[in-house]
Amino acid sequence: METYIRNITGLGRLEIVEIYVYYDQPVLFSCKSATGHLYLAVATDKDDARETWLYVGVSAERLNLIRSGAIDLHDAFAEPEDGFLLQEIIPYGDQTQPRLEPIPPDQIPEDMLPVPGEYLDLESEALPMLSDAEEIAKSRNQEILNG
């Protein structure tokens with residue numbers, strides 16, 4: 001089982017907890033920082049020059065609501081608990097470094113957010129505790145990677 005780690009300038013090392021959508025790489029997933037902060041992440045844009053990601057901080061309770069389908073993916077990003085999202089822009093090539101910036105949800109173009117009405121609605125149990133979530137995540141990630 002491959003463990004996915006993302007190093008994000010400004011957030012540090014993020015370990016993927018669960019992968020919800022995988023397309024050549026994880027494109028919608030939950031992750032946690034070394035200090036235990038949880039994020040929901042989605043790839044929002046990719047072109048020849050860069051890729052753009054959105055990260056929204058979530059509490060364990062809110063992540064469980066998102067996972068169970070009580071909160072749709074659009075609202076998970078459009079209505080963040082902290083009042084802002086983090087946008088990461090990763091340019092291709094060596095000209096500039098990736099940058100991470102806080103952004104109010106009303107400044108995110110609607111086409112960068114998940115479509116309203118898209119839900120996860122996972123058939124697995126809710127994340128009971130972060131320390132116990134590892135086994136659930138490993139099982140779920142393996143299912144996704146194996147097709």
> Taking all non-hydrogen atoms of both residues, which atom of Leu120 and which atom of Ile66 are closest, and how far apart?
Replying inline: CB-O, 3.7 Å
> Looking only at heavy atoms, which two atoms of Pro26 and Trp53 are closest? And how far apart?
Replying inline: O-CH2, 3.1 Å
>> Evaluate Leu73 against Tyr20 for side-chain contact (heavy atoms from CB on, under 4.5 Å), listing each step before the verdict.
In response: CA-CA 11 Å; Leu73 293 169; Tyr20 307 117; over 6 Å; no
> Same hydrophobic cluster for Ile71 and Val58, using side-chain heavy-atom links shorter than 4.5 Å among ILVMFWY?
Replying inline: yes
> Can you list every side-chain hydrogen bond (donor to acceptor under 3.5 Å, both in side chains) pair that touches residues 75-85, not counting sequence neighbours?
Replying inline: Ser59-Glu81
>> Just verifying a value: how many Å separate Tyr119 OH and Asp72 CG, rounded to the nearest 0.5 Å?
In response: 4.5 Å
> If you round to the nearest 0.5 Å, how far is CD1 of Ile108 from CG of Leu113?
Replying inline: 6.5 Å
>> For the backbone of Thr44 and the side chain of Thr52, can you confirm whether one donor and one acceptor N or O come within less than 3.5 Å of each other?
In response: no
> Between CD of Glu18 and SG of Cys31, what distance do you get to the nearest 0.5 Å?
Replying inline: 11.5 Å
>> Under the rule for salt bridge (Lys or Arg N to Asp or Glu O under 4.0 Å), what residues qualify as partners of Arg99, not counting sequence neighbours?
In response: Glu101
> Would Gln87 and Leu85 satisfy side-chain contact (heavy atoms from CB on, under 4.5 Å), going step by step from the backbone distance to the final call?
Replying inline: CA-CA 6 Å; Gln87 179 177 264; Leu85 299 103; over 6 Å; no
> How about Arg50: does its CZ atom have over 12 heavy atoms from other parts shown lying under 6.0 Å from it?
Replying inline: no
> Should Leu40 and Leu122 be regarded as members of a common hydrophobic cluster, given that ILVMFWY residues are connected when their side-chain heavy atoms come within less than 4.5 Å of each other, either directly or indirectly?
Replying inline: yes
> CG of Asp24 to NZ of Lys46: how many Å apart, nearest 0.5 Å?
Replying inline: 7.0 Å
>> Which heavy atom of Leu11 sits nearest to which heavy atom of Tyr39, and what is that distance?
In response: CD2-OH, 3.4 Å
> Atom CD in Gln25, atom CD in Glu51: separation rounded to 0.5 Å?
Replying inline: 5.5 Å
> Which atoms form the tightest heavy-atom contact between Ala41 and Phe77, and what is the distance?
Replying inline: C-CZ, 4.1 Å
>> Just verifying a value: how many Å separate Arg13 CZ and Lys32 NZ, rounded to the nearest 0.5 Å?
In response: 10.0 Å
>> For Val17 and Leu63: C-alpha separation, side-chain torsions, deciding distance, then whether side-chain contact (heavy atoms from CB on, under 4.5 Å) applies.
In response: CA-CA 11 Å; Val17 175; Leu63 182 57; 5.7 Å; no
>> Can you give me the closest heavy-atom contact between Pro91 and Pro98, atom names plus distance?
In response: CD-CA, 3.7 Å
> Should Leu54 and Val21 be counted in the same cluster of Ile, Leu, Val, Met, Phe, Trp and Tyr side chains packed under 4.5 Å apart?
Replying inline: yes
> CG of Asp106: more than 12 outside heavy atoms within 6.0 angstrom?
Replying inline: yes
>> Please find the pair of heavy atoms, one from Phe29 and one from Ile19, that lie closest to each other, and give the distance.
In response: CB-CA, 4.0 Å
> Are Ile89 and Val56 co-members of a hydrophobic cluster defined by side-chain heavy atoms under 4.5 Å apart?
Replying inline: no
